[in-house]
Protein chains: 2
Amino acid sequence: MGASKTEHFSAQQNQIATIAKALGHPARVAIVEHLLKVNQCICNDIVDELPLAQPTISQHLRELKNAGIIQGTIEGNSICYCINENTLDLLKKYISAIVLKLTKNKCC
Amino acid sequence: MGASKTEHFSAQQNQIATIAKALGHPARVAIVEHLLKVNQCICNDIVDELPLAQPTISQHLRELKNAGIIQGTIEGNSICYCINENTLDLLKKYISAIVLKLTKNKCC
DNA sequence: AATATTTATCGTAATATTGCAATATTAAAT
DNA sequence: ATTTAATATTGCAATATTACGATAAATATT
């Protein structure tokens with residue numbers, strides 16, 4: 001196989017998995033951290049920052065964008081990328097709810 | 001390629017990516033949710049719960065365990081799995097810190 | 001001892017991901 | 001109009017992931 005059986009799981013489970021998966025690569029974590037530091041920047045700035053080729057960065061940006069973690073606004077020649085707060089907040093709330101419930105549990 | 005250039009990124013970036021990656025599949029999200037609901041259970045209980053074969057569940061459990069999200073304790077014949085609070089709390093804190101910083105920023 | 005139960009591992013097929021060189025696309029600058 | 005700059009896309013190779021049948025390993029039950 002190789003393809004996930006996404007149709008067997010709930011919309012929320014797939015949504016959380018999609019967001020988490022997008023963060024599941026150190027380069028994409030580094031991109032998010034860079035965007036957090038500089039607030040907003042263009043693709044080439046990230047190419048200068050990370051040890052990856054331009055097409056690779058572009059691919060990672062697309063995945064972050066598809067997952068809703070970042071957004072890009074066309075500004076003439078370039079595209080201004082920044083973090084979309086809502087998506088990360090959604091993940092934050094989901095995990096926070098889990099951790100909150102866990103403190104009331106006992107583990108084996 | 002196909003292999004991530006993990007050596008170019010910080011230990012924390014790799015750690016966060018590893019945890020997020022483990023949550024980056026709906027089946028593993030569903031496993032975590034089931035463990036949250038029943039507190040603790042054995043592999044076969046999850047096999048009965050999800051539409052995946054036993055070796056597939058076992059594989060997903062191993063990945064969750066490798067990422068530190070769950071832990072397993074041998075109990076005679078079976079293995080008792082439960083959520084490891086610390087790892088999810090780590091991810092929670094990391095994302096919370098990002099979201100907190102974001103509220104002070106303006107996006108493009 | 002034989003059987004059942006539970007989980008892990010092996011092998012394999014299908015698909016996805018990662019990374020980059022080459023190239024295309026689009027808009028700005030000269 | 002030509003060149004420059006910024007980004008995306010294409011095509012490809014290497015590797016990883018997902019899924020499962022078959023089987024192994026280890027303990028429990030009869």
Side-chain angles (χ1 to χ4, degrees), chain A residues 1-9 13-14 17-31 34-35 38 40-67 70-82 108, chain B residues 1-9 13-14 17-18 20-31 34-35 40-67 70-82 108:
Chain A
M1 303 278 161
S4 301
K5 290 187 157 185
T6 55
E7 70 276 11
H8 292 308
F9 302 99
Q13 285 165 347
N14 277 300
T18 299
I19 301 169
K21 191 177 186 179
L23 284 179
H25 191 292
R28 293 194 286 268
V29 172
I31 288 173
H34 184 69
L35 281 173
V38 301
Q40 61 184 49
C41 73
I42 65 176
C43 174
N44 255 7
D45 292 340
I46 300 170
V47 174
D48 292 340
E49 197 72 18
L50 302 187
L52 293 168
Q54 183 268 322
T56 308
I57 299 289
S58 185
Q59 215 170 349
H60 283 310
L61 285 171
R62 185 174 53 188
E63 285 186 52
L64 285 169
K65 201 171 130 206
N66 285 344
I70 65 170
Q71 65 190 70
T73 309
I74 298 173
E75 281 191 2
N77 208 12
S78 56
I79 295 176
C80 177
Y81 284 105
C82 64
C108 52
Chain B
M1 303 284 159
S4 301
K5 289 187 159 186
T6 55
E7 71 275 12
H8 291 308
F9 303 100
Q13 285 165 346
N14 277 301
T18 298
K21 191 177 187 178
L23 285 179
H25 191 291
R28 292 194 286 268
V29 172
I31 289 173
H34 183 71
L35 281 173
Q40 61 184 51
C41 72
I42 65 175
C43 174
N44 255 6
D45 293 340
I46 301 169
V47 173
D48 293 338
E49 196 73 19
L50 301 188
L52 293 169
Q54 182 269 321
T56 309
I57 299 290
S58 185
Q59 215 170 350
H60 283 310
L61 286 171
R62 184 174 53 189
E63 284 186 50
L64 285 168
K65 200 171 130 209
N66 284 344
I70 66 171
Q71 65 191 73
T73 310
I74 298 172
E75 282 191 3
N77 206 11
S78 55
I79 295 177
C80 176
Y81 283 106
C82 64
C108 52

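Every chain is numbered from 1, with letters handed out A, B, ... down the list of sequences.
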d(CD, B/E7; P, C/dG19) in whole Å: 9 Å
Which part of the nucleic acid does A/S78 contact within heavy-atom distance under 4.0 Å: base, sugar-phosphate only, or nothing? sugar-phosphate
Quick one: does A/V38's side chain get under 4.5 Å of A/D45's, heavy atoms only? no
Between A/R62 and A/S4, who's closer to the 5' end of DNA chain D by nearest nucleotide? A/R62
Can you figure out which of D/dC20, D/dT9, C/dA16 approaches the side chain of A/P55 most closely? D/dT9
Mind checking if B/I57 touches a base, just sugar-phosphate, or nothing, with heavy atoms under 4.0 Å? nothing
If you define the side chain from C-beta out and look only at heavy atoms, does anything of B/T73 sit under 4.5 Å from B/Q40? no
Is there a donor and acceptor pair closer than 3.5 Å between the side chain of B/N77 and the base of C/dT5? yes
Can you tell if the side chain of B/C43 reaches within under 4.5 Å of the side chain of B/I79, non-hydrogen atoms only? no
Looking across every strand, which nucleic acid part, if any, lies under 4.0 Å from B/L61 by heavy atom: base, sugar-phosphate, or nothing? nothing
DNA chain C: A/I74 or A/A3, which has the more 5' nearest nucleotide? A/A3
Which listed nucleotide (C/dT6, D/dC20, C/dA16) is nearest to the side chain of A/K21? C/dA16
Side-chain contact, heavy-atom cut-off 4.5 Å: B/L61 with B/Y81? yes
C/dT7, D/dT18, C/dC20: which one has an atom nearest the side-chain heavy atoms of B/R28? D/dT18
Taking atom types as they are modelled, would you say the side chain of A/Q54 forms a donor-acceptor pair with the base of D/dA6 within the 3.5 Å cutoff? no
So does B/T56 get a side-chain nitrogen or oxygen closer than 4.0 Å to the phosphate oxygens (OP1/OP2) of D/dC20? yes
Which nucleotide sits closest to the side chain of A/I42: D/dT7, D/dA19, C/dT18? D/dT7
Any A/Y81 side-chain nitrogen or oxygen under 4.0 Å from OP1 or OP2 of D/dA6: no
